[in-house]
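Every number for a ligand or one of its atoms is a count from 1 in the order of the listing.
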Amino acid sequence: MVKRLGIVGSGIMGSGIAEVAAKAGVEVILRSRKQQSADAMVEALGKSLDKQVERGKLDATERDQVLSRVTATHDLHALADCDLVLESVVEDLDVKKELFRGLDLAVKDEAILATNTSTLPVVELAMVTERPERVCGIHLFNPAPLMSLVEIVRPLTASEETIEQARGFAEACGKEPVEVKDRAGFIVNALLFPYLNNAVRMLETGTATRDDIDAAMKGGCNFPMGPLALLDLVGLDTSLAILDALYDEFRDPNYAAVPSLRRMVTAGHLGRKSKIGFYDYRK
Ligand SMILES: NC(=O)c1ccc[n+]([C@@H]2O[C@H](COP(=O)([O-])OP(=O)(O)OC[C@H]3O[C@@H](n4cnc5c(N)ncnc54)[C@H](O)[C@@H]3O)[C@@H](O)[C@H]2O)c1
């Protein structure tokens, strides 16, 4: 059973996972490269919980209990006693490999090291450690507190016990786990990203406007948001990294990122996180 969780990465997903786990009664240690970012994340979590109290979704005592379970650090060694460490840093294989090397040295031997990667090969991370049988993927969705699915990713190297513990952790957090082999994109992103990529292509070729593409998929398929709004939510840099990893693995033209997506990332138009993407969030 996971009593103490380490989270590495203080971006969109790291903070969401912290909220999910702390609400499930797990002690959470958040690690960011800078103490300031880690502290800012805990502060932001406090504000988000305050809003939930104002809306009557959480009572004040619960908020205090949840917050008391979360601490922030910049030091990887502060994760030494965690039962599970779930990394959620930038979608870049070299960065994640380097982090796994460090985690393997810093965290107790019996702990599981997991990745929240959307597409990257989990086995590559397992193989840079001395504990490949205790490495797997635990892929949550955005926004983590609201989305019920967790993909448990089983690399060739993972033991049955690791997969069972990962599944148990997801269930203890109130999520619905599914299991999937270690293939780029797992289930959801392998099916979702050709659709999102083709929506950008449709915009690029002038087939329809941004608003009409999004309205069509909401009204015609009953999706809660259109594909271009969803790309802004996911982050265009993360989306591009996902498409590149999918294309790398399968060489399917549907996964080849449309040029305008790459250009937007180069220009720093990353979606909600940079306040501009397909939509403008600056106002
Ligand atoms: N955004 C989504 O919808 C979503 C959903 C599920 C999973 N994921 C996965 O979660 C992970 C994080 O995504 P995110 O959306 O939270 O990204 P983000 O851009 O919001 O945050 C990325 C984090 O990585 C850190 N980082 C950047 N470069 C680093 C480096 N060189 N070394 C260590 N840390 C570094 C940043 O400081 C930041 O804390 C990725 O693997 C992504 O594929 C994202």
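Regarding atom 40 (C) of ligand 1, its nearest protein heavy-atom neighbour is Val89 O, 3.2 Å. For atom 31 (N) of ligand 1, the closest non-hydrogen atom on the protein side is Arg33 NH1, 3.4 Å. Counting protein heavy atoms only, atom 1 (N) of ligand 1 is closest to Val234 O, 2.9 Å. Taking atom 41 (O) of ligand 1 as the reference point, the nearest protein heavy-atom neighbour is Glu91 OE1, 2.5 Å. Protein heavy atom in closest approach to atom 9 (C) of ligand 1: Asn116 O, 3.3 Å. In terms of protein heavy-atom proximity, atom 5 (C) of ligand 1 is closest to Met13 SD, 3.5 Å. What sits closest to atom 17 (O) of ligand 1 on the protein, heavy atoms only, is Lys273 NZ, 4.1 Å.
With hydrogens and angles disregarded, no donor-acceptor distance shorter than 3.5 Å links the side chain of Lys181 to the backbone of Val153. Arg31 contributes a side-chain N or O that, together with a main-chain N or O of His74, makes up a donor-acceptor pair within less than 3.5 Å. In this structure a side-chain-to-backbone donor-acceptor pair under 3.5 Å is present from Asn197 to Ala256. In terms of modelled atom types and a separation under 3.5 Å, the side chain of Asp83 and the main chain of Arg4 share a donor-acceptor contact. Checking side-chain atoms of Asp182 against main-chain N and O of Pro121 turns up no donor-acceptor pair under 3.5 Å. Proximity of a side-chain donor or acceptor of Glu204 to a complementary backbone N or O of Ser260 within less than 3.5 Å is detected.
Counting heavy atoms closer than 4.0 Å to ligand 1, residue Val90 contributes atoms from both its backbone and its side chain. At a 4.0 Å heavy-atom cut-off, ligand 1 touches Leu140 through the backbone alone. Contacts with ligand 1 closer than 4.0 Å are made by no heavy atom of Glu98, backbone or side chain.
The ligand atoms of ligand 1 that sit less than 4.0 angstrom from a heavy atom of Ile12 are 15 (O), 16 (O), 20 (O). Those atoms of ligand 1 that come under 4.0 Å of a heavy atom in His139, given as number and element, are 6 (C), 7 (C). Close contacts between ligand 1 and Thr117 involve ligand atoms 41 (O) [criterion: under 4.0 Å to a heavy atom]. For ligand 1, the atoms closer than 4.0 angstrom to any heavy atom of Ser10 are 39 (O). Heavy-atom contacts of Thr238 reach the following atoms of ligand 1: 42 (C), 43 (O) (cutoff under 4.0 Å). Those atoms of ligand 1 that come under 4.0 Å of a heavy atom in Ser118, given as number and element, are 6 (C), 7 (C), 8 (N), 9 (C), 42 (C), 43 (O), 44 (C). Each of the atoms 40 (C), 41 (O) of ligand 1 lies under 4.0 Å from some heavy atom of Lys96.
A donor and an acceptor atom, one from each side chain of Thr129 and Asp104, are nowhere located under 3.5 Å apart. Ser15 and Glu19 form no side-chain donor-acceptor contact under 3.5 Å, judged by distance and modelled atom types alone. Of the N and O atoms on the side chains of Tyr255 and Asp248, not one donor lies less than 3.5 Å from an acceptor on the other residue. A donor atom on one side chain and an acceptor atom on the other are not found under 3.5 Å apart for Glu160 and Gln165. Side-chain contact, Thr117 with Thr115: no donor N or O sits under 3.5 Å from an acceptor N or O.
More than 12 heavy atoms of other residues, nucleotides or ligands sit less than 6.0 Å from atom CD of Glu62.
For ligand 1, the polar-atom distance check against Phe141 finds no nitrogen or oxygen pair separated by under 3.5 Å. Checked against a 3.5 angstrom limit, the closest N/O atoms of Gly11 and ligand 1 fall inside it. At least one N or O atom of Ser88, backbone or side chain, sits closer than 3.5 Å to an N or O atom of ligand 1. Residue-to-ligand polar distances keep Ser32 apart from ligand 1: every N/O pair is separated by 3.5 Å or more.
Nearest heavy-atom pair, Met41 versus Gly9, reported as atom, atom and distance to 0.1 Å: CE-O, 3.8 Å.
Closest heavy-atom approach to atom 3 (O) of ligand 1 within the set Val95, Asn142, Leu120: this belongs to Asn142.
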